[in-house]
2 protein chains.
Amino acid sequence: MSVQERKERERAGRERLIVATARELAEQQGWDAVTTRRLAERIEYSQPVLYSHFRGKREIIGAVALQGASEMAVALRAATAAADGPRARVAALAHGYLDFAERNPAVYDALFQLDGGLRYAREDTPGPLKDAFAALLECLGEVAGDAVPPGMFTEVFWASLHGIVTLTRAGRLLPEDTEQRVDLLVDRLAVL
Amino acid sequence: MSVQERKERERAGRERLIVATARELAEQQGWDAVTTRRLAERIEYSQPVLYSHFRGKREIIGAVALQGASEMAVALRAATAAADGPRARVAALAHGYLDFAERNPAVYDALFQLDGGLRYAREDTPGPLKDAFAALLECLGEVAGDAVPPGMFTEVFWASLHGIVTLTRAGRLLPEDTEQRVDLLVDRLAVL
DNA sequence: TCTATTGTCTAGCAGTGCTAGCATCGAGGT
DNA sequence: ACCTCGATGCTAGCACTGCTAGACAATAGA
């Protein structure tokens, strides 16, 4: 059976290559540039090979999103770990979130902007997505205040950050004032 | 010169027809369904006619966005006009915003999600866009608090609403709790 | 060594945004 | 009333998209 195992390993490796290449291409030139032809050419296989791993382009986006969600969870926990006290923790979380979005715009798009065929806010939501939300919740839950459920507070805070990210990147907001916007959000929304 | 005037009138009418039809089609079946072929067929002209009015699809989206911005400004001012006191005004504004987004998803996309080739947050930003922002500012400026510039407060509040709209519509947030989310936003962000 | 299966590729479909170039229509001058 | 000529809208087609059918080659097992 060793032959079959080797084949499966190779197959899994190629799948990782596809996801990594799609992500790289998207970060370099945007998701519009990630066409099945270009992607196939970069991994040095023909187009149909992509479809033996994924149902379509959407699923490839979804795979990048899942990978990104795991990384985001790690990044957020790392950002908050060093901070002392609730105020500093929330501020660090917010900055960590914006930093991640700025450094990985294509991944951020895959996660929250594009259709990757993933289910959110449900029981069958994939683990990495739940975990990324959990990373937010761990930090924000303690500043929700008594009258507000931690989960809902986290959603609102998250939505606010997301709004800043998307409007800034779409040219609707100027990037210069991001710092002050985050401060305002932290000072007013969080109960310290 | 009357002949030329008539021709210009007809041309302007056809341009309005294009924009209205694009908007209608987008609201009915989403922007993906707004192809130049389908749009041309609906207005009962051939594709190239579209390009004698607009440089491309992007500009058509931009035209819909401008129309939408004017309507949004009207809707927001109407929503706040009836409210008594700062708290009620801000709440009414927020609900008005979410209502507009929910009732005109395609227009909202054209305004804030898609690339319509418009310039935002600049001096040469088109009037309707400035006016829509002004409508927000008129209401939100009075609850920004002393320490925060009205413009920046408005941007943050707007971004928060925008985050809720986009995440909800993308299935990242459940629509049921929208009411409470808005309440939280109003209670915490606004200085009353 | 031969066979059967697995895997990959070539070629093609229907659709996209956009445009070159032709045909037709009608306004303005004689 | 007729002819000219420019404006205007059309047909046809380009290069691209996501995706797939079917031919072909490589390879594992007998």
>> Quick check: any donor-acceptor pair below 3.5 Å linking the side-chain of B:Arg37 to the base of C:dG15?
In response: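 In this structure, the two groups form no donor-acceptor pair.
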> Has the side chain of A:Gln47 got a donor or acceptor that lies under 3.5 Å from a partner of the other kind on the base of C:dC9?
Replying inline: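 Looking at the base of C:dC9, it does not pair with any donor or acceptor on the side chain of A:Gln47 (distance under 3.5 Å).
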Interatomic distance where [atom1] belongs to [X] and [atom2] belongs to [N] [whole Å]:
X: A:Asp32; N: C:dT16; atom1: CG; atom2: P; value: 17 Å
X: A:Glu10; N: C:dT6; atom1: CD; atom2: P; value: 16 Å
X: B:Arg6; N: D:dT8; atom1: CZ; atom2: C1'; value: 13 Å
X: B:Leu50; N: D:dT8; atom1: CG; atom2: C1'; value: 14 Å
X: B:Tyr45; N: D:dA7; atom1: OH; atom2: C1'; value: 14 Å
X: B:Tyr51; N: D:dA7; atom1: OH; atom2: C1'; value: 21 Å
X: A:Glu41; N: C:dC9; atom1: CD; atom2: P; value: 13 Å
X: B:Leu39; N: C:dT16; atom1: CG; atom2: P; value: 12 Å

> CD of B:Glu142 to CG of B:Leu137: how many Å apart, nearest 0.5 Å?
Replying inline: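 B:Glu142 CD to B:Leu137 CG: 10.5 Å, rounded to 0.5 Å.
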>> What's the separation between atom NZ in A:Lys57 and atom CG in A:Asp115, rounded to the nearest 0.5 Å?
In response: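 Output value for this atom pair is 11.5 Å.
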So what does [X] hit on the nucleic acid, given a heavy-atom distance under 4.0 Å: a base, only sugar-phosphate, or nothing?
X: B:Thr35; result: sugar-phosphate
X: A:Arg58; result: nothing
X: A:Arg11; result: nothing

>> How about CG on A:Asp146, more than 12 heavy atoms from neighbouring residues, nucleotides or ligands closer than 6.0 Å, or not?
In response: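 No, because the 6.0 Å sphere around CG of A:Asp146 holds 12 heavy atoms or fewer from other groups.
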> Counting only heavy atoms not in B:Gln28, do more than 12 sit closer than 6.0 Å to its CD atom?
Replying inline: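 Enclosed.
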> Reckon A:Thr36 has a side-chain N or O less than 4.0 Å from the OP1 or OP2 of D:dG18?
Replying inline: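 True: A:Thr36 side-chain N/O within range (under 4.0 Å) of D:dG18 OP1/OP2.
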> Counting only side-chain N and O atoms of B:Arg55, is one of them less than 4.0 Å from OP1 or OP2 of C:dC18?
Replying inline: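 Checking C:dC18 against B:Arg55, no side-chain N or O comes under 4.0 Å of OP1 or OP2.
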> Which residue, A:Pro48 or A:Arg38, contacts DNA chain D at a nucleotide closer to its 5' end, judged by nearest heavy atom?
Replying inline: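 Of the two residues, A:Arg38 wins.
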>> Do the side chains of B:Glu41 and B:Arg37 get close enough for a salt bridge, i.e. N-O under 4.0 angstrom?
In response: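 Answer for the salt bridge query: no.
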